[in-house]
Amino acid sequence: MAEHTEVLVVGGGPTGLTVACGLAAHGVGVRVVDRASGPATTSRANIAHARAVEVLHRLGALGDLRERSLEPRAMRMHAGSRPIATVGFAPDEAESTQALFVSQAMIERRLRDRFAELGGAVEWATALTGFEQNADGVTAEFADGTRVRAQWLVGCDGAHSTVRELAGIDFPGVPVAERFLLADVHADWHRDRSMSVGFFHRDGIVMAMPMYDHEHDTDGGDRWRLMAEVADLDGRLDADEIVARFAELVPARTGETGLRIRDAVWTSVFRIHRRLAADYRRGRVLLAGDAAHVHSPIGGQGMNTGLGDAENLAWKLALVVRGSAAEPLLDTYTAERRPLAAEVLRATTANTRLLTADSAVVSFLRDRVLVPLLDTERVRRAATRGASQLWVTYRKGPLGGRGSAPRPGDRIADRVCLDSEGRSTRLHAELLPAWVLLAPPGAHPDALARTAHDQLGGEITALTDPGAEGQALLIRPDAHLAWRGTDPDGLRRWLTTALSAGTAA
């Protein structure tokens, strides 16, 4: 006899935990399983860009991560030992959120804490071996012979996703770069820890990024992530061999002899591939995060994109589970998120190929022209915003719209607002699970709020934007604009169309 749940999430990493927290915040019953024996203690990702930080904040999972993190300031690039540019982070001063150098393991810990507050826990050592689905749900089977019946199954189980494979969803792609060595190490190295560093060399790039874990680093921080492109690996390397290679590679490619690696926290050898799932949904099975897309780690976009997937999916799936929306609403998840992943794949692939170029002509142009251009204020601001993903818009998707900015589908930046009692609050603090109806001063949005509540069936928070004029804005739980206007009947028609047919066009 199978146990029952409304949603089964396979994968207890940052994407799966974000889906679970988002669903639980909406009152949806969710179980999270993972084949691993317990939480990860090492970190594939080590930077949360601004979009990821926003998602964690809206979930109530940011906690003390700002205090336990380094603020990324810049990356200094070299051609050999010669500095050629300092690529500084230049956050938009109008934005309240900035990127953080923080370990993925710590982010997962805070997400598990939040999931526990919402009544959930990850079920470790629970490997999915198969599932069957029909029009009413999915029956999942695990390695120990137990079974779970769920209305929906969400695969957040990484690049080698069992869920994706069992669902028969194609995952086409191509290799991007040869092998890389990676090591998170404790090291004596008299370098400025306020910035990362990269060294171009004819034998391959070397990069180093500061890491800081307040729970383990007690001496002010001596942890670094080292990455190096290599093309001459035969067979597998163990941790000691990888550390020994870095001890040779760093001075040979950088000209620096002051690095002394004391011990390795984690090591890895990997190739960079670019892959994108043909679809993010097959019946009652959905994919998110690395299960749906993989790309170069250069630029730190993987976790950022996965958390965005998870937040987008969670509020839509919650509406469907509660019966407030029809299943076609879930097709807007693929329609909104897959084009973004395709753009991330294109950008990270182009950047990786530029950084690892072995052509003398391309290397000369990179070192003498392109990289030095990054050391300008205008380019720094553009690069920082590009990495942040705060620019993401769904205005061209099925829930998007036209007209003056902000358009339906656009992200609405955080701002100071007033609640119904006239008290100061911030917009993003009021989102998830709530939708927000944001009105200009003097407006009376009660009729609009009632209409939204009747259609959505969940919590609607009415706020006043002191600096706004004109129309009211209905803002989705993921901080994107759903609808703008003043007419309750117009809002009712929009919601009816969007929630029943999955399109508001």
Side-chain angles (χ1 to χ4, degrees), residues 18 21-22 25-26 48-63 65-66 91-100 114 307-308 310-312 314-316 318-319 336 385 388-395 399-401 403-446 448-453 456 458-486 491 494-495:
T18 299
C21 288
H26 283 283
H49 283 290
R51 178 79 181 211
V53 176
E54 278 197 351
V55 173
L56 294 170
H57 172 59
R58 286 192 286 270
L59 279 176
L62 188 59
L65 289 180
R66 283 196 179 99
D92 188 336
E93 294 179 358
E95 297 286 354
S96 61
T97 305
Q98 296 187 24
L100 302 173
R114 179 58 178 148
L307 265 61
E311 187 182 40
N312 185 289
W315 69 263
K316 295 173 180 178
L319 284 173
E336 289 186 341
R385 187 160 183 83
S388 74
Q389 292 196 19
L390 298 180
W391 52 268
V392 170
T393 179
Y394 307 130
R395 60 169 61 173
L399 299 179
S404 59
R407 300 179 187 176
D410 287 351
R411 168 185 167 271
I412 303 300
D414 198 14
R415 62 196 63 186
V416 175
C417 301
L418 302 176
D419 66 15
S420 59
E421 302 296 324
R423 295 170 298 197
S424 179
T425 186
R426 296 198 68 90
L427 170 62
H428 286 197
E430 301 293 339
L431 293 167
L432 195 65
W435 293 57
V436 166
L437 188 68
L438 189 60
H444 300 284
D446 293 349
L448 290 172
R450 285 194 299 271
T451 298
H453 182 272
L456 295 167
E459 182 179 352
I460 306 297
T461 299
L463 299 176
T464 298
D465 182 353
E469 298 179 356
Q471 298 173 320
L473 308 179
L474 180 64
I475 302 172
R476 305 170 1 174
D478 59 0
H480 285 260
L481 179 60
W483 176 88
R484 60 186 299 168
T486 58
L491 174 58
W494 185 90
L495 286 168

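Please read all numbers here as calculations on a predicted model, not as lab measurements.
Judged purely by atom type and a 3.5 angstrom limit, R114 uses its side chain to pair as donor or acceptor with the backbone of L59. Side chain of R415 to main chain of A413: a donor-acceptor pair is present (N/O by atom type, distance under 3.5 Å, no hydrogens or angles). D414 contributes a side-chain N or O that, together with a main-chain N or O of L427, makes up a donor-acceptor pair within less than 3.5 Å. Remark: the backbone N or O of I412 is paired with a side-chain donor or acceptor of H428 at under 3.5 angstrom. Under the 3.5 Å distance criterion, the side-chain polar atoms of H49 are left unmatched by any main-chain donor or acceptor of A99. Remark: side-chain polar atoms of R484 are paired, donor with acceptor, to backbone N or O of P406 under 3.5 angstrom.
A distance of 6.0 Å separates CG of D478 from OH of Y394, quoted to the nearest 0.5 Å. Atoms CG and NE2, from L65 and H57 in turn, are 12.5 Å apart once rounded to the nearest 0.5 Å. The NE2 atom of H453 sits 13.0 Å away from the CG atom of L437 when rounded to the nearest 0.5 Å. From R51, atom CZ reaches atom CG of L307 across 10.0 Å, with rounding to the nearest 0.5 Å. Annotation: the span from T486 atom OG1 to H444 atom NE2 amounts to 13.0 Å, rounded to 0.5 Å.
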**OP:** Begin with the C-alpha distance, continue with both residues' side-chain angles, and end with the deciding distance and a verdict on side-chain contact (heavy atoms from CB on, under 4.5 Å) for T393 and R407.
**Re:** CA-CA 9 Å; T393 179; R407 300 179 187 176; over 6 Å; no
Original post:
Could you go step by step and tell me if W435 and L474 meet the side-chain contact (heavy atoms from CB on, under 4.5 Å) rule?
Top reply: CA-CA 7 Å; W435 293 57; L474 180 64; 4.0 Å; yes
**OP:** Could you check H480 against N312 for side-chain contact (heavy atoms from CB on, under 4.5 Å), going step by step and ending with a plain yes or no?
**Re:** CA-CA 10 Å; H480 285 260; N312 185 289; over 6 Å; no
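Side-chain contact between P466 and V416 is absent, with no heavy-atom pair separated by less than 4.5 Å. V392 is not listed as a side-chain neighbour of R411, based on a closest heavy-atom distance of 4.5 Å or more.
Taking each heavy atom of L399 and W315 in turn, the nearest pair found is CD1-CH2, 4.4 Å. The two residues S388 and A50 come nearest to each other via the heavy atoms CB-CB, 3.9 Å. Nearest approach of L438 to T464, heavy atoms of both residues: CD1-C, 4.0 Å. The shortest heavy-atom contact between A48 and V53 is O-CG2, 3.6 Å. Of all non-hydrogen atoms in A468 and P440, the two that sit nearest each other are O-CB, 3.6 Å.
E311 pairs with exactly one of R476, R58, K316 by the salt bridge (charged side-chain N to carboxylate O under 4.0 Å, His left out) rule, that one being R58.
Crowding of R426 atom CZ: a count of heavy atoms from other residues, nucleotides or ligands under 6.0 Å exceeding 12.
Taking the side chain to side chain contact (heavy atoms under 4.5 Å, CB included) definition, one finds that E430 meets it with T425, V436, T461, L463, sequence neighbours left out.
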